[in-house]
Amino acid sequence: QVQLVESGGGLVQAGGSRRLSCAASGHTFSSYVMGWFRQAPGKEREFVAAIRLSGGSTYYDVSVKSRFTISRDNAKNTVYLQMNSLKPEDTAVYYCAARTRDWLTRRGDEYNYWGQGTQVTVSS
């Protein structure tokens, strides 16, 4: 089992920045890819970004590619999502996820473990 705990959410003004963290515990050696997803009120969950823990290759949704950066610190079992130039449409609950296969994917059903989420609210 892998446990994931997100932190760093909160209220931020449009144009501002925020960094989310996802701390993993448990059988973390079984996780090869970590991802961030988000779900806005009344909308379906959507993919944001993913990173391979080995090698660090990344994959972004086009809506965030120039503004968000995913990174990892394997020594700390932590993945980060640096969010810059935030927009009101970025308001959502952000979820961290882990999968036990080593290729990047944007499909949520291909992730095995999920955190509880952290709320990010961007005011206009």
S.K.: With no hydrogens and no angle check, is any side-chain donor or acceptor of Arg18 less than 3.5 Å from a backbone partner on Gly9?
M.R.: yes
S.K.: Looking at side-chain heavy atoms only, is the closest gap between Leu104 and Ser57 below 4.5 Å?
M.R.: yes
S.K.: Within a strict 4.5 Å, meaning less than it, do heavy atoms of the Asp90 and Arg67 side chains meet?
M.R.: yes
S.K.: Which heavy atom of Trp36 sits nearest to which heavy atom of Glu6, and what is that distance?
M.R.: CZ3-CG, 3.9 Å
S.K.: Quick one: pull up CG in Leu20 and OG1 in Thr78 and give me the separation to the nearest 0.5 Å.
M.R.: 12.5 Å
S.K.: Quick check on Gln119: does its CD atom have over 12 non-hydrogen neighbours (other residues, nucleotides or ligands) under 6.0 Å away?
M.R.: yes
S.K.: Could you measure the distance from the OG atom of Ser21 to the CD atom of Gln82? Nearest 0.5 Å is fine.
M.R.: 9.5 Å
S.K.: Atom CD of residue position Glu89 - does it have more than 12 heavy atoms of other residues, nucleotides or ligands inside 6.0 Å?
M.R.: yes
S.K.: Find the distance between OG (Ser54) and CZ (Arg72) and round it off to the nearest 0.5 Å.
M.R.: 7.5 Å
S.K.: What pair of heavy atoms forms the shortest contact from Leu11 to Ser123, and how long is it?
M.R.: CD1-CB, 4.2 Å
S.K.: Tell me, do Glu46 and Asp61 make a side-chain contact under 4.5 Å, heavy atoms counted?
M.R.: no
S.K.: Return the CZ to CE distance between Arg52 and Met34, rounded to the nearest 0.5 Å.
M.R.: 14.0 Å
S.K.: Check whether any side-chain N or O of Tyr111 sits under 3.5 Å from a backbone N or O of Thr105 as a donor-acceptor pair, and report yes or no.
M.R.: yes
S.K.: Indicate the atoms forming the closest heavy-atom contact of Val122 with Thr91, along with that distance.
M.R.: N-OG1, 2.9 Å
S.K.: Given the rule that I, L, V, M, F, W and Y join up when any side-chain heavy atoms are under 4.5 Å apart, are Tyr80 and Tyr95 in one cluster?
M.R.: no
S.K.: Shortest non-hydrogen contact from Ser17 to Val12?
M.R.: O-CG2, 3.7 Å
S.K.: What about Leu53 and Val48, same hydrophobic cluster or not, with Ile/Leu/Val/Met/Phe/Trp/Tyr joined at side-chain heavy-atom distances under 4.5 Å?
M.R.: yes
S.K.: Taking all atoms of both residues into account, what is the closest heavy-atom pair of Thr58 and Gly56, and its distance?
M.R.: CG2-O, 3.4 Å
S.K.: So which atom in Phe37 and which in Arg106 form the shortest heavy-atom distance, rounded to 0.1 Å?
M.R.: CE2-O, 3.5 Å
S.K.: Quick one: pull up CE in Met83 and CZ in Arg19 and give me the separation to the nearest 0.5 Å.
M.R.: 11.5 Å
S.K.: At what distance, to the nearest 0.5 angstrom, does CD of Glu110 lie from CH2 of Trp103?
M.R.: 7.5 Å
